[in-house]
Number of protein chains: 2
Amino acid sequence: MQDLKERQKQVLQMIVTTYVDTINPVGSRTISKFYQKCYQGELSPATIRNEMHNLEERDYIEQPHTSAGRVPTDKGYRYYVDCLMPEPKVPPHVAALVAREYRDKIHHIETLVERTSKILSTLSEQAGLVIFPSFEQLALKRIELTPIGRQHLLVVCVTNSGFIQSSMIDMKEVIPESELSRLNRFLNQELEGVLLADIHTHLADRLEQAQDSLRALYKAAHAIVLESFPKAAERRIALEGSRHVLEQPEFQNFEKSRRLFKMLESKESLMNLIHGTSEHPGAQVQIGLEHQCQDMRDCSFVTAQYRVNERIVGTLGVVGPRRMHYDRIVSLVDFVSRRLGEALEKWL
Amino acid sequence: MQDLKERQKQVLQMIVTTYVDTINPVGSRTISKFYQKCYQGELSPATIRNEMHNLEERDYIEQPHTSAGRVPTDKGYRYYVDCLMPEPKVPPHVAALVAREYRDKIHHIETLVERTSKILSTLSEQAGLVIFPSFEQLALKRIELTPIGRQHLLVVCVTNSGFIQSSMIDMKEVIPESELSRLNRFLNQELEGVLLADIHTHLADRLEQAQDSLRALYKAAHAIVLESFPKAAERRIALEGSRHVLEQPEFQNFEKSRRLFKMLESKESLMNLIHGTSEHPGAQVQIGLEHQCQDMRDCSFVTAQYRVNERIVGTLGVVGPRRMHYDRIVSLVDFVSRRLGEALEKWL
DNA sequence: AATTAGCACTCTCTAGTACCGAGCGCTAAT
DNA sequence: ATTAGCGCTCGGTACTAGAGAGTGCTAATT
C-alpha cells in the first residue's frame, strides 16, 4: 500500500476528527471551511471532493448512501490511529483524578480491580474492563500449612511481591502436627522462588527423580499442591459502565444494542477478544472488524497489559463504538495500566 | 378498600394475564371471548365494558389513551399477586435444571453466587441478582493466627458452618512465636461461639472489666481483631442478564432504558431497594412505584432472603418490567433462595 | 335491575405524497 | 491542477387520508 499524499492525510484526519465529534457524515463543504481554519490554505469544496473520491477508492472512507457525506472505514480509523493521531498525552486533571482513586489504602484486591474498571469507564465515558490479575507468573516466597479443625487444611502461599492466595482443602487422613511442620519446611525449601505456574511440574519432576527415602514426602507435597492450586484458575472480569456504550447514538438501534449486550455479558467471549492481544508495552487498538467478531463489528477495543515487577499479570481496557476519541482513550488506558501495576506493587 | 366482586376478580385476572402475555392493552371483546373459554359463561363485550369501568374507577386498571384497551395499574398487579395468582409451583424441569447447577462441587464462594445469579437470570428471562452473603450473623468456631514472613500476620477465622474469612495484617512489632500461640489460644477461648458481628464489642467489654494481669493480652487481641475485621464489610452484588430487561418491548424507548441502566449500574441504589425488604420467609414482590424509586418506576422486583442455619445471610432476586409473569417468577425466586441456602450449608 | 345491541366518537397507526436541502459527480472553463 | 456550475440522488419532515380498534352512551330486552 503506497502511502497517502500530505493533503490526503490532512483531509482524512479532518474527516475522522469531525465525524467523531459530530456523528454526521462529513461533507466537502465542511472540510473546505475547516481546512481554511486549520492550514490557512484555500481549497474549494470541489477539490476536496476529488480527494475524497481518491480516499474512497482506496477504502479509507465510505458513503452511507449517495448524497451523504463521508464516514471513515476501519482502514481509515486504523490509518488515523497509526499515523495521524496526535501524540497521546494525559491531561493533568485526569492524572490527578486517577492518582486520587489509588491514594487511600485498599484492602481487597477485588476493590482495587473494580475501582480501576470504574475509573476507566468514567474517564473514557465508555465501558471499562479489567481482567483480574493472575499471579501465575510470580515467584513463590513462602507457603504455610495451617490445620483448621481436624478435617481441613488451609494452604496459604505468598508471592515475592506479597500477594496471598489461600485455599482450603479436605484431608483424607489426619496428619500429626509434627509431620505437618516437617512437610511445611520441606515445601518451602523445595518451592521458594518457583513460579506459581510451574509448581505442579516442578514437583512432579522431582518426585520422579527422588530417592525412596524422600518419595513419601514428595508425594504428600504433590497431593497438597495439586488440590490447592486449581489447574486453570478461571479468571474474572470487572466490567463497568456498559450503559455509556448504550447511550451512543449508533446503538439506539435495537438490534445493535442487543448484539452488543450479548457479547458484553459473556465473559468468555470478552476474554478471548482482549486477552490474546500483543505483549508490547503501551495500549493496543482493535478497530471494528479487526477482531473478527461479527457481533462486535461496531465496536473498538483499546487495551493494555498491566505488570507487576515487569511481569504481565493482566489486561485492562475500554470498549466503545468505533467512532471514539482514540487519542484520548489510548493515553488514558496506557496511563491507567501503569498506575494499576504500581498500585499492585505497593499493595502490601 | 372493600373487596372485589367475584366477576370483577375474574375480569381483572384475565386482563393481567393476557396483558402480560401480549403487551397489548386488553379490550372488552378479547375478554368476552376469553371468558367464554375459561368459565363457560356468556358475557357480551358491553357487560365487560361496564365491569372495566368499575375497575378503572377504583384504580385497578387504566387506559393508555381513549380508544385503547385496558392495562393493569400497580394496584391491579398488587391485587393479582396477593389474591388472584395461582399457588406458586416450580415445574419439575426447572427444579431439575437448578439442582444440576448446584450438583458439582464449587470451590469459590464467588462462583457459587455468580452461578446463582445466572440461574435466576436464565430461568426468569429477566435480570438476576444476588447480594453476597454476609457471615456477620454466624458464630465463630475458631480463629487461627499464622505469621507470614516477619512483617505480616495472617488471621483466619472459621464459622460454625465452616466458612472461612481470612485477612492479612501488618504488625508494628515482631511478636515472638510463644507469645503468638498464647494469644491464639486466648482468642479461641474468648471468642468461640460469639457472632462475627459482636466480636468487636465483646472484646471491648471484656477489656474494660479485665484485671491488670490480663489487660495486655486483651489489648493485643483487640488490636488484631480490629484490624482484621473491617467494620462495615462492603457487600458485593452479582448481577447477570440485564440484557433481558433491555430486550423487553417496553424498554425500547431510549430514555427508559437509559434510566434503567443508570440504576442497575449503581450497586448502592440496588442494595437500598432490595436489602431492606421484610424478613418473612418466601418471596416478596415490589411492583412499579411501590419501591418509591422514580428511576425504576417501570420495573418490579421479586426478592427473597436466603439463610444458613436459619440465619439470614443475604438477599437474591429478579428485576424485570412491571409486566412480568409474577407467578412463575415468585416460585422461581423462592425455590432458588432455598437451594442456595442449602448449597451454602453443605459447602464445606 | 342487569344485560345487551347498536351507533357515534375518539384516537392511534400506517401509507402515501410532496417538498426541502445536503451533498455528490461530472463537465467545461480557468 | 483547480474550480464554478449544474443536474441528480436520496434521506428527512410535514401533511393528509383512511383503516381499525375500542370506548361510552342510549335505548331496548330479559
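Nothing here was measured: the structure is a model prediction, and the numbers come from that model.
- Reading DNA chain D from its 5' end, the first and the last nucleotide to sit under 4.0 Å from a heavy atom of chain A are D:dT2 to D:dG11.
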Its contact letters, B for base, S for sugar-phosphate only and - for none at protein heavy atoms under 4.0 Å, make nucleotides 15-30 of chain C read -------BSSB-----

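- The distance from atom CD of A:Glu42 to atom OG1 of A:Thr47, rounded to the nearest 0.5 Å, is 10.5 Å.
- Neither side chain, A:Gln13 nor A:Tyr80, offers a donor N or O lying under 3.5 Å from an acceptor on the other.
- In the region residues 11-20 of chain B, proximity to DNA chain D at under 4.0 angstrom, judged on heavy atoms, holds for none of the residues.
- A:Tyr77 and A:Asp82 share no side-chain donor-acceptor pair at under 3.5 Å.
- For A:Arg323, the side chain to side chain donor-acceptor pair (under 3.5 Å) test picks out A:Gln248, A:Glu250, with sequence neighbours left out.
- Residues passing the side chain to side chain donor-acceptor pair (under 3.5 Å) test with B:Asp74, sequence neighbours excluded: B:Arg322.
- In this structure, A:Arg297 has no salt bridge (charged side-chain N to carboxylate O under 4.0 Å, His left out) partners at least two apart in sequence or on a different chain.
- No cation-pi contact links A:Lys256 to A:Phe251, judged by a cut-off of 6.0 Å to the six-membered ring centre and 45° from its axis.
- Side-chain N/O atoms of B:Ser44 include none lying less than 4.0 angstrom from OP1 or OP2 on C:dT3.
- Side-chain contact annotation: B:Tyr326 with B:Ser300, donor-acceptor N/O pair under 3.5 Å present.
- Under 4.0 Å is where a charged nitrogen must lie from a carboxylate oxygen, and between B:Arg70 and B:Glu56 at least one such pair does.
- In plain terms, the two heavy atoms of B:Leu120 and B:Gly317 that are nearest each other are CD1-O, 3.5 Å.
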